Structures are given as structure tokens and as C-alpha cells.
Amino acid sequence: MRTAEQGTRRAAGHDAGQVDERTARKVAEEARESEWRLPSFGKQLFLGDFRLDLVHPHPRPGDEDRAKGDAFLEKLTEFCANEVDPHRIERDAQIPDETLRGLRDLGAFGMKIPERYGGLGLGQFHYGRALMVAASVSPAIGALLSAHQSIGVPQPVKMFGTDEQKEAWLPRCATQLTAFLLTEPDVGSDPARLRATATPDGDEYVLNGVKLWTTNGVVADLVVVMARVPKSDGHRGGISAFVVEMDTPGITVENRNRFMGLRGIENGVTRFHDVRVPKANMIGKEGAGLKIALATLNTGRLSLPAMCAGSGKWATKIAREWSAERVQWGRPVGRHEEVARKVSFIAATAYAMEAVHDLSARLADDERNDIRIEAALAKLWSSEMACKVADELVQVRGGRGYETAESLAARGERGVPVEQLVRDLRINRIFEGSSEIMHLLIAREAVDAHLSVAGDIIDPETSAAGKARAAARAGGFYARWLPTLVTGAGQRPGSYAEFGPLAKHLRYAERAARKLARSIFYAAGRWQGGLEQRQGFLGRMVDIGAELYAISAVCVRAHADASGKGPLQDGGEGPGKSALLLADAFCKQSRVRVEELFDGLWRNTDETDVRLARAVLDGAFTWVEDGVLDPSIPGPLIAASEPGPSRLEDVHRKVT
């Protein structure tokens, strides 16, 4: 009888490095949701169809949901203000157990878990607002809560679990921490190379493998593990999702990782050696793991825009206070144009990030729209813009922006942690899909309509007859679609009049959406199957769509705020018409970026950069590296991840 480890090696079927590009694309394509059962503002935007009716009027929480959510936010705010010591978390690089217990007792671990299972039953909107509060005092707490509820055990079980699984695990998730384990030392966003295996053995699966960057994994009680089931008689095989108890024999947390930011997160390396998991612990079916992961991330990604929006709100406060207090050359620095431009950018972008989050979250709660593109756009755009806001805040603060909060306080000034903000935010451009991967993911969805009608034309495996049929389908589609891109509401001066001074920005967004769709069509015709390799074009295309989504969200939000109907308003309270000034400034700034991106679609150095990069990788310019020393600690660039028993001490700890 072969051992589970031997079965693991054979089950892998190939070495990770042997997966070719076509196989990798096939695995990713099979995992994506190919159906569009509900309308999508983002999908239509990339088709040049500016469906403002899908996001306007601004969706608001129901009275009952709002009352419940607001009551929790009040308790959470009081707890974070009085019971959390963010400087201790930063100094000790750990969230104290008493803080975790306090959050648990408050119900923060079960914010999105239905009340019938012991949770609070909050919607995505108030959950995001809670993350804003928690992350504003300590981004590590925001990351911990997000990793647990956005991508940890609760969300996939709630979405795909059986009734028995929900009854067994959701009540525990309301009081215990969980984690999501997908990444491996040599596997990031390319799941085709996944090496962790789950070998069937009677009524159990035997897990073997190593998982990297397991946020919350050091303190989690339950985890979701993605592992490859070998194909065999009675088993369809494929990447599958399992809920695993962290006290199961054979699990070792081998290291708690340390990072440039988010010093308090409990992120580690977890090894599984002959770990036995009951068949009942599989979520969904064999081979459905990636679909479950991607579906979970559709809403899970919205936690990052929430925390980015919170950072923007704080940055606006610090920029305002400092720019009014600090005097240079006879007047406050904020009165000088160079600094004033930065303050304007920070404030306007903060409002926009909040608008993008709130709209996306309410669309998720409404459940009448497919938000896979909107959530991805919100994550991509907010994570990039938040980093720019933080960088500009450092510049506004000058030397004090680079100095640590403890150093500032030690010499008698307010300990403003601006440099920490830069460090903590930087990971958001990598978390839950790097910006580069998000560009490709969104681009794939954006060109879905084109591939569905013309994909067989450029597929080398399609027969001549198949190509002919595809050409006929494509001809009919484009004959109907292309005329819709010629003219629209954006060319009529009176369009969107109800938005007052913001109407011109919506007219611009409508025109730009049609221009973007025409650009995608031209690119598809020019490069055909080679379009997927034009990642510079695809990235700019997606960035244009993200800016147009932000403009739309801001205009819709400002209109609601000005009329007393914003998501946080009750009657006349709230920002009122002052929101229109912020929105107008943001839209003007965004339009400048959009025009630069349009120009960059066709005028760029992409081909030169690719040729140069290849030469660099081939070692043609190693002489550039002469004259310096490498201070790196010796070791392989990628750690070995062969299955087998652990030789290290288990650093997993349980929060009681």
C-alpha cells in the first residue's frame, strides 16, 4: 500500500515548472464565472453603454439594516477609541490577546454572519464602514477582520456550504478566527501550478503541501485550504476547497512572517503532512475550489476599498490641520499653490474613494447586479489611489512625514503616523490580486462579449468550419453594436440635467465610455489573438474604466449628499451642497488622468520596454550592476516547498 506522501507526488501529475502558458490559461478560464445572469454597470461601461440607471439613484440601506449597522458602528468606535492601543500594536508587532477578545465579545468576528448562526447579520455596506473605523486606529486589526470574514471560512461556507456545514461552522466563525490558504512558495496568481494535494482515502482526504502568507493562519482555529485532488476512478479531481481544523495532527505553522507594514498581522507559513480531513469538510464539489475562491473574492475584495477610503479620510484631516498650522514665507503652507494642489488631491480623492466603496457595497447588498467587475475596479483603483494619497501626505508633512510617530512624540510633538500609513497601505496593491493581475482579470471580463462572438476566429484549435460560423456570428454582432458607439447622451447638452454642475462630467463619462469601447474594438482587430499579450494596452484600458466608474460613483453620491439622501444621511443632515465642490474637483482631476491614459493607449514605449526587459533578463546588462554590494541574507529566491514532515517548531497559538 502506497503512503499518502507517495500518492501526493504522483497526484501532482507534473512539476510546477512544467505547466505551459496554455494550460495555465485554461485552468484560470475554467474557474471564472462565464455567465452574466444579472446586469452589470461595469460590463456595459466597457461596451460603451453608459447605464447610469444601474447605479442611480444611489442605493441606500433599509431602515432596519441601517439602525442595526449604526448601533454596532457606535459600539465599535467607542471600543477602538478607548480600548485599542495602536502604538503598542506597532511597537510589539502583535495585536494583544485582550484586544482580540474584546473584538470577539463585541461581535466583530461575526459581522457578516447571519443572526441565526450567532452573527450580527450586517450587510456589506456597514461591514465596510466597520473596517474603516477599525483600520483607522490600527490597519493590522482591519486586515485581521477582513482576512477572517472577507476571504476566510465564513464567506465561502455561507455562499457554498451545505445546511449541515453552515450549522457546524458559522456559529464557531462568529467567535473564532479563520484564514484562507491558497498561495504557495512558488504559486501566486497562477493556480495551475498548485502543488498542495488532497488524496482520497476512504471517507477522508489526506492533505500534503506548504502554504505561504497565510494571514491569520498563526492564530486561526479554522482555515479554508485549496488543494489539488488527483483524478482517479470515482473522483473527477481538480483544485478543491476544504475546511480544516488547525489542531489536526500533521499541521505545523513553521514561521510567523514579518513585513514592512501591517506589523501586527499574524501571517505565517503552514505545512500539511498527511493531514486527515473528513470528506464532509469539502466545500462544494471536487474541482470547484477555484470557482469558490473567485466568487468569494467578488465581494471579499470590497474590504480593501473600505480601508483605503478610511485612510483617505484620515489623510484629509492631517493635511488640513498641518497645512493650516505650518507657516512658511509668511503664510500657511496650504496657501501656497504647490501644497494647495496636494491638499485638493487628497481631499477630493478621499471623497471619491468613499463614494466608490459605498456604491459598490450597496450594489453588493442589493443583490440585483453582477458586481464582479465593479468590485475588482473598486479594489484596483482604491488601492492605487490610496498609496498616492499617502505619498502626497508625506510630502505635505515634509520631514515630519518621514519621521516615526514615536520619534515625534519623544521630542514633544503630536505622534502622527504618516510614514506608517505609507508602509501599511502598500500591501493593498498586492493583497487579493495584485494590480497587474487585476488589470488582466478585468480586461478578460471587459472583452468577454468580443470573445464570445469572435473568439473561435483567433483560436488556433478551431476548425475552418468553426471559424466560418464564428465569423458569421461576429458580423451580426458588430453590425448591431458598432452603430451604438457613434452618438449618445454625452453629446446632448441637456443630458443629466438633474445633476446640475456635475452633469458635464457625466456627459464626459458617457462619451469616454463609447470612445473606450471603440478603442477596444480597434485593438481587437489590430492584434486579434495577440491582444492578450498587449498588457500595457489592457492595463490602460482598465484604468480608464476604473476612472469612469469613480466619476460615476462620485457624481451619484454627491447628488444624493446635496439633496440629503446620501447613504449616511437622514433628511437634511450631512454635507449638503458642499459635496458638489469636492465632486467637481475630483472629476476634473480624473478627466486629466483619463485623457493621459487614452493618449497612452497608442503612444507609449511598451514594445521597447519589453525588448529591453528581455535583454536584461538574459544578462545583457549585468555591467549596470557593477560597483555596488548586495546586502541580502544568503538563500534561495524561492524557498523549497517539497511535501514532508516539518522539522521546525510549531508557532501556532490559540487565542482564548
Side-chain angles (χ1 to χ4, degrees), residues 42 44-50 341-342 344-345 348-349 352 356 373 376-378 380-389 391-392 429 434-447 450 482 484-491 502 504-528 530-555 583-613:
Q44 296 306 121
L45 182 72
F46 284 104
L47 285 171
D49 184 12
F50 191 64
R341 290 172 56 240
K342 298 180 187 302
S344 171
F345 169 75
T349 305
V356 165
I373 291 181
L377 288 174
L380 168 67
W381 185 83
S382 296
S383 62
E384 291 287 336
M385 297 305 288
C387 284
K388 292 179 181 178
V389 164
D391 186 68
E392 292 287 44
R429 294 167 60 192
S434 69
S435 293
E436 293 74 21
I437 292 299
M438 298 307 296
H439 277 149
L440 300 180
L441 183 151
I442 298 167
R444 173 61 185 86
E445 300 295 352
V447 301
H450 302 278
L482 287 174
T484 68
L485 305 182
V486 176
T487 187
Q491 292 169 289
L502 301 181
K504 60 182 180 290
H505 300 307
L506 290 173
R507 290 195 292 270
Y508 172 83
E510 194 276 340
R511 295 194 305 272
R514 285 186 284 111
K515 181 179 179 181
L516 178 60
R518 293 194 299 269
S519 299
I520 296 172
F521 173 72
Y522 298 152
R526 177 178 176 180
W527 291 309
Q528 298 187 41
L531 179 59
E532 67 175 316
Q533 302 299 329
R534 300 283 176 167
Q535 295 180 2
F537 177 92
L538 295 174
R540 295 181 191 96
M541 174 194 85
V542 169
D543 287 339
I544 292 170
E547 291 285 356
L548 297 181
Y549 180 51
I551 288 175
S552 305
V554 164
C555 290
D584 182 61
F586 169 77
C587 291
K588 288 176 179 176
Q589 295 168 8
S590 179
R591 288 172 64 168
V592 170
R593 294 192 291 269
V594 169
E595 290 305 306
E596 291 174 347
L597 288 165
F598 268 124
D599 182 60
L601 286 178
W602 311 108
R603 191 160 63 96
N604 54 66
T605 62
D606 292 350
E607 291 186 6
T608 300
D609 295 338
V610 169
R611 286 197 301 271
L612 175 59

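As the structure is a prediction and not an experimental result, all values here were calculated from the model.
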A.B. asks: Which heavy-atom pair separates A517 from L47 by the least distance, and what is that distance?
C.D. replies: CB-C, 3.5 Å
A.B. asks: Verify whether one side chain among T349 and E392 offers a donor that lies under 3.5 Å from an acceptor in the other.
C.D. replies: no
A.B. asks: Determine the minimum heavy-atom distance between A512 and F598, stating which atoms define it.
C.D. replies: O-CZ, 3.6 Å
A.B. asks: How are the rings of W602 and F537 set to each other: parallel, tilted or perpendicular (split at 30° and 60°)?
C.D. replies: tilted
A.B. asks: Taking all atoms of both residues into account, what is the closest heavy-atom pair of L538 and L531, and its distance?
C.D. replies: CD1-O, 3.6 Å
A.B. asks: Looking at Q491 and G488, would you say the former's side chain and the latter's main chain have a donor-acceptor pair under 3.5 Å?
C.D. replies: yes
A.B. asks: Nearest 0.5 angstrom please: E607 CD to R534 CZ, how far?
C.D. replies: 4.5 Å
A.B. asks: Can you name the nearest heavy-atom pair linking V486 to R514, along with the distance?
C.D. replies: O-NH1, 3.2 Å
A.B. asks: How many angstroms lie between OH in Y508 and OG in S590, if you round to the nearest 0.5 Å?
C.D. replies: 7.5 Å
A.B. asks: Going by the side-chain contact (heavy atoms from CB on, under 4.5 Å) test, name the single residue among L516, D543, V542 that passes it with L597.
C.D. replies: D543
A.B. asks: Are side-chain heavy atoms of H505 and R591 found at a separation under 4.5 Å?
C.D. replies: yes
A.B. asks: Tell me the closest heavy-atom pair linking L441 and A376, and the distance in Å.
C.D. replies: CD2-CB, 4.3 Å
A.B. asks: Any chance you could measure L380, atom CG, to R429, atom CZ, to the nearest 0.5 Å?
C.D. replies: 10.0 Å
A.B. asks: How many angstroms lie between atom CD of Q44 and atom CD1 of I373, to the nearest 0.5 angstrom?
C.D. replies: 9.0 Å
A.B. asks: Scan the side chains in residues 518-525 for donor-acceptor partners under 3.5 Å anywhere in the protein, sequence neighbours excluded, and list what turns up.
C.D. replies:
from : atom 1 : to   : atom 2 : distance (Å)
R518 : NH1    : L485 : O      : 2.7
S519 : OG     : K515 : O      : 2.9

A.B. asks: Do any N or O atoms from the side chain of T605 and from the backbone of T608 form a donor-acceptor pair under 3.5 angstrom?
C.D. replies: no
A.B. asks: Just how far is it from atom CG of L45 to atom CG of L548, taken to the nearest 0.5 Å?
C.D. replies: 5.5 Å
A.B. asks: Quick one: salt bridge (Lys or Arg N to Asp or Glu O under 4.0 Å) partners of D606, sequence neighbours excluded?
C.D. replies: R540
A.B. asks: Does the side chain of M385 come within less than 4.5 Å of R593's, by heavy atoms?
C.D. replies: yes
A.B. asks: Might you point out which heavy atoms bring Q589 and S344 nearest each other, and give the distance in Å?
C.D. replies: NE2-OG, 3.1 Å
A.B. asks: Under the side chain to side chain contact (heavy atoms under 4.5 Å, CB included) criterion, do I442 and L377 qualify, and how do the steps go?
C.D. replies: CA-CA 8 Å; I442 298 167; L377 288 174; 3.8 Å; yes
A.B. asks: My understanding is that only residues two or more places apart in sequence, or in another chain, count here; which of them pass side-chain contact (heavy atoms from CB on, under 4.5 Å) with A550?
C.D. replies: V356, W381, F586
A.B. asks: Quick check for you: to the nearest 0.5 Å, what is the distance between C555 atom SG and D584 atom CG?
C.D. replies: 8.5 Å
